[in-house]
Amino acid sequence: MLLKNLALAAAAVVPALARATYQLDTYCDNPAMTPEELEEYKAVAIEAKTEMQRRGDVDTRAEGDITIRTYVHVLAAGQTWKEGWIPQDKVHTQMAMLNSDFASAGIKFQLVALYYVLQEQWSKDLDPTAMKKYLRKGTYQDLNLYYVESFEKPGLGGYCTLPVADVTAGRDYSRDGCTINHDLIAGSPVSEYDLGRTTVHEVGHWLGLRHTFEGGCSANNDGFEDTAAEAEAAFGCPTGRNSCPDYPGVDPHYQPYGLYV
């Protein structure tokens, strides 16, 4: 759990991470936190910040100081792109994007294994609990990315679990990880959505980052003081948008549902 805590504090110094889009109405399925989840989130963040302050490295982490073992699962109905198949080179391109975007926070992702699973039901994220119980690799400290052909919900780009404070007391973490539409991976032939920052955004959730617009126009909307306030999610390319004029800064580019992907 300590690794995820440290990564949360480190990720907090990265510019707002990508909430990417597939269509103009695409969204991430991570809901706003319940009051109970928010309290647990705050506890994790405080623990992480305290530990990093004790170590004296809150703002001075070297690149690669935290290495996260990563397992990628491609869930497809067949061996064509339309059926959810992703060539290996695009997986490596995506990993390079992850490492580039998190480098300033000293977080590095190491691809440990790439798995291809031909299973039509799982390729549409049907019965994800059974799928992840069967496929998930590593410990709670390790990242599992699941790329699916599509979701039942129209416009859904992906979703991811948030870190929890305690996984040692019999807590089941088999669903831990991120599930993402394969059309949104870096280098996707869906040319408008090929920069790969949907994965960056979802992994931000896995590390503990919330949506910047969750708290609306408030001084501490996403839990981090240096994030500009945002009233609600944005779509398209709203350059210079300032939905909270009474608070400093313009809306973050990557957290809205914008075409920055």
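This is a predicted model, so every value here is computed, not measured. Each residue takes its place number in the sequence, starting with 1.
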Which atom names give the shortest non-hydrogen contact between [X] and [Y], and what distance separates them?
X	Y	answer
L98	V200	CD2-CA, 4.0 Å
H205	L162	O-CD2, 3.1 Å
Y147	N181	CD2-O, 4.4 Å

Checking the side chain of [X] only, and the main-chain atoms of [Y] only, is there a donor and an acceptor separated by less than 3.5 Å?
X	Y	value
Y116	I86	yes
D194	I185	no
T70	I68	yes
Q121	L126	no
Q94	A186	yes
R136	D176	yes
S188	D183	yes
T93	D89	yes
D142	T139	yes
K90	G187	yes

Enclosure of E120 CD (heavy-atom neighbours >12, cutoff 6.0 Å)
no
Are Y71 and R69 linked by a side-chain donor-acceptor pair shorter than 3.5 Å?
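Yes.
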Side-chain donor-acceptor contact under 3.5 Å, S174 with Y134:
no
Is K153 positioned over the aromatic face of Y159, cation under 6.0 angstrom from the ring centre and no more than 45 degrees off axis?
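Output no; distance or angle outside limits.
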Evaluate the salt bridge (Lys or Arg N to Asp or Glu O under 4.0 Å) criterion for residues K124 and E152: first the C-alpha distance (whole Å), next the side-chain angles of each, then the deciding distance (0.1 Å), finally the verdict.
CA-CA 7 Å; K124 301 186 186 316; E152 279 192 301; over 6 Å; no
Using the side-chain contact (heavy atoms from CB on, under 4.5 Å) rule, take T161 and W206 through it: C-alpha gap first, then chi angles, then the decisive distance, then the call.
CA-CA 5 Å; T161 55; W206 186 79; 3.8 Å; yes
Verify whether the ring centers belonging to W81 and H182 lie closer than 6.0 Å.
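Yes; H182 has its ring centre under 6.0 Å from that of W81.
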